[in-house]
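So the structure is just underneath, and the comments pick up after that.
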Amino acid sequence: MHERFRRLRRRLICYLACLSGVLLLASQCVEAAPPRKKKANPANRLPALKESEDKLKFLEQIRSSFPTVRSRRTSTYGSSDLDEQLEKYISRETRTPLAPIVDDATFVRRVYLDVAGRFPTSDEIQQFVSSSAPDKRSVLIDELLETEEFARKLARYWRTVVFSESNANRNSVNPQAFEDWLFEEFDADSGWDRMVGEMVSATPQRKKDTKPQDNGWHQDHGPNNFVLANERKPELIASATARLFMGISIGCAECHDHPFDKWKREQFHEMAAFFSPGRYYMTDQYDPTKKSVVEAKFLLGEKPPKVLKPDQRRVAGAAYLIYNPDNYWFARAFVNRVWNELLGDGFYSVDSLGPDKEVMHQLVVNRLAASFRYEEFKPKWLYRTILNSRAYQRETRTVERPEDLFTAVRPARLRPYEISDNVEQLVGENKGLSNAINRTFEQDPSIPQRDLEGSIQQALLMMNNGTLNNKLINSPLKKQLMKIQDSKALVTEAFVSILAREPTDEELSRYQEYLKASNKRNEAVDDILWVLVNSSEFITKR
């Protein structure tokens, strides 16, 4: 196996070396030959690698030689394989029983939140729960994965991931263009490798025809905004590339050797050199007046040919990141993030996938990541595999001990845009209210769910926001409830419309008693709506 990987690695390096050799030869020929013979130079057929399309073309050439395209023909891995492997390893670590599989009502709420980013409507719940089809869960998963809502949810998530730590000037970035580009890619089920390749190899250019008050860096081309979010600084791009696309945090190594990991200061700056527009210099650790030239070298040791121009060097960096068979971390990082989003915990802590980091059930994540590669990094394949598993469809339970991970699903806080969308579903579109919710519930998606906490400001917003309360008491749902004479039917409809589940017997009895005791039914209904929207369940996945 190792010998095969070494051969593949040599092949990739040879490919880049051959390209640079041809470019060098072409350059020499151009210098020696009269100008009129330039058209006959075979180098003109090589991609210039300056335009985005050229870089994608080159990456596609590397992709076509990627060995997993062939491996896919003989390798299969499905949800049942995942469960069988995972449950075997869990039973070796703990005697904590596996949580039961959720009922249909819980499943439909959870899968709509995880795939479409919103609660299902009353009709959608009724249609699913009343169906007797044995394969209705897998059918619903397939249907939701083909919706634009799925693509938009993923695009929003990655927009938040990329910009949550960005200090870039707002006039220099266009997060909406970045999100819209990602939406189109996820909607088309493009490979994650292609998306990352375009982000990492991007070289945004300043607009020349801009007004004096505009800095000219505001970009409509979506993938450019990954580089702009990192202020076009090689050090920031290198740190974000390693963290987001390999799950390896090397930021500390910019100033000194990493205190808790094996990464050296030189390795950080060698990585940063891939993204320098020219020669890259590293400042002396002890004397800031001294600098030394650093050549590009990937974290796993790969060196691109020195003759590569900056644009070509970035593409080489993307190729080492994505297609080097030795770099398992690229696939693992994406798989771990998706697993973390769907089950509330990752095999690794997000952004902590380094070689020396703690991991649970490593063989399971390795197999899932390898299969993700075989499936050409298709996000929908990964989601489909996890969503159809028993691991995903178990009841929620707070997990305290690492060895109990994945015996149940961890209850998770909804993302700000999911809360905003669910409010909008109840009261209608209101940009000011949506902005307030997104701002107040803002969170870094890379922080583990177990470390997220609510705030007083969040509670106060939901309780006291005048716009929210006014719109709620004048909402279509309120008008619909006022037409229902039977109190049991009214309470049930309120629960299903707001929390996407029916009330328990205790809840039903308590709310009916409240309606009966109230002199003003209209105000009592307002109170019920307010209580349900302010329940912790409204902002939680269960």
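As the structure is a computational prediction, the values presented were derived from the model and not from experiment. Side chains included, hydrogens not; waters and symmetry mates left out as well; all remaining heavy atoms used.
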Handout entry: Plane angle bin for Phe334 and Phe372 - parallel if under 30°, tilted between 30 and 60°, otherwise perpendicular
Key = parallel
Practice task
Can you measure from OG (Ser276) to CZ (Arg314) and round to the nearest 0.5 angstrom?
Solution key: 8.5 Å
Exercise for the section: Please round to the nearest 0.5 Å and tell me the distance separating atom CG of Asn422 and atom CG of Leu414. Expected result: 6.5 Å
Exercise for the section: Assess the side chains of Gln443 and Arg415: does a donor N or O sit below 3.5 Å from an acceptor N or O? Expected result: yes
Practice task
Could you pull out all residues at least two apart from Phe441 that satisfy ring-ring contact (aromatic ring centres under 6.0 Å, His included)?
Solution key: none
Fill in the blank from the handout: Asn469 and Asn464 have their tightest heavy-atom pair at ND2-C, 3.9 Å
Practice task
Please work out whether the ring planes of Phe330 and Trp192 are parallel, tilted or perpendicular, with thresholds of 30° and 60°.
Solution key: parallel
Completion exercise
Sorted by chain and residue number, the side-chain hydrogen bond (donor to acceptor under 3.5 Å, both in side chains) partners of Thr467 (sequence neighbours excluded) come out as none
Exercise for the section: Run the salt-bridge test on Arg542 and Glu537 with the 4.0 Å N-O cut-off and return the result as yes or no. Expected result: yes
Handout entry: For Tyr280, all residues meeting side-chain hydrogen bond (donor to acceptor under 3.5 Å, both in side chains), sequence neighbours excluded
Key = Glu235, His269
Fill in the blank from the handout: d(Glu429 CD, Ser420 OG) to nearest 0.5 Å is 9.5 Å
Problem - Qualifying salt bridge (Lys or Arg N to Asp or Glu O under 4.0 Å) pairs with a residue from residues 439-468, counting only residues at least two apart or across chains - result: Asp345-Arg450
Exercise for the section: Tell me, please, which residues at least two apart from Asp142 pass side chain to side chain contact (heavy atoms under 4.5 Å, CB included). Expected result: Arg384
Problem - SB check Asp351 Arg337 (cutoff 4.0 Å) - result: yes
Practice task
Specify the closest pair of heavy atoms between Arg332 and Ala369, including all atoms of both residues, with the distance to one decimal.
Solution key: CG-CB, 3.7 Å
Problem - Donor-acceptor side-chain pairing of Asn366 and Tyr328 below 3.5 angstrom - result: no
Exercise for the section: Report yes or no: do Thr203 and Lys55 form a side-chain donor-acceptor pair below 3.5 Å? Expected result: yes
Completion exercise
Contacts of Phe183 meeting ring-ring contact (aromatic ring centres under 6.0 Å, His included) (sequence neighbours excluded), chain-then-number -> none
Problem - Counterpart residues, side chain to side chain contact (heavy atoms under 4.5 Å, CB included), relative to Asp104 (two or more places apart) - result: Phe128, Val129, Lys136, Arg137
Practice task
Measure the acute angle between the ring planes of Phe298 and Phe274, then classify it against the limits of 30° and 60° as parallel, tilted or perpendicular.
Solution key: perpendicular
Problem - Side chain Ser138, main chain Asp135, donor-acceptor under 3.5 Å - result: yes
Problem - Sidechain-backbone polar pair: Asn224 side chain, Asp220 backbone, donor-acceptor under 3.5 Å - result: no
Handout entry: Value rounded to 0.5 Å, distance of CE in Met360 from CG in Leu86
Key = 9.5 Å
Problem - Qualifying salt bridge (Lys or Arg N to Asp or Glu O under 4.0 Å) pairs, either residue in residues 144-157, two or more places apart - result: Arg118-Glu149, Glu146-Lys380, Arg152-Glu179, Arg152-Asp180, Lys153-Glu418, Arg156-Asp421
Handout entry: Any residue meeting side chain to side chain contact (heavy atoms under 4.5 Å, CB included) with Gln480, in chain and number order, not counting sequence neighbours
Key = Leu477, Glu493
Completion exercise
Across all chains, not counting sequence neighbours, the side chain to side chain contact (heavy atoms under 4.5 Å, CB included) partners of Ala238 are Met271, Ala272, Phe275
Problem - Under 3.5 Å: donor-acceptor pair, side chain of Glu124, backbone of Thr121 - result: yes
Practice task
Side-chain contact test, heavy atoms from C-beta onward, threshold under 4.5 Å: evaluate it for Leu353 versus Phe347 and give yes or no.
Solution key: no
Problem - Cationic tip of Arg110 above Tyr392 ring, under 6.0 Å, 45° of axis - result: yes
Handout entry: For Thr440, all residues meeting side-chain hydrogen bond (donor to acceptor under 3.5 Å, both in side chains), sequence neighbours excluded
Key = none
Handout entry: Which residues share a side-chain hydrogen bond (donor to acceptor under 3.5 Å, both in side chains) with Ser172, sequence neighbours left out
Key = Asn215
Exercise for the section: For the pair Val196 and Leu244, evaluate side-chain contact (heavy atoms from CB on, under 4.5 Å) and give the outcome as yes or no after the intermediate values. Expected result: CA-CA 10 Å; Val196 173; Leu244 301 182; over 6 Å; no
Exercise for the section: Would you name the heavy atoms of Gly247 and Ala333 that are closest together and state the gap between them? Expected result: N-CB, 3.6 Å
Exercise for the section: Working to the nearest 0.5 Å, report the span between CZ of Phe119 and CG of Leu499. Expected result: 6.5 Å
Handout entry: Spacing of Gln127 atom CD and Ser122 atom OG [to the nearest 0.5 Å]
Key = 12.5 Å
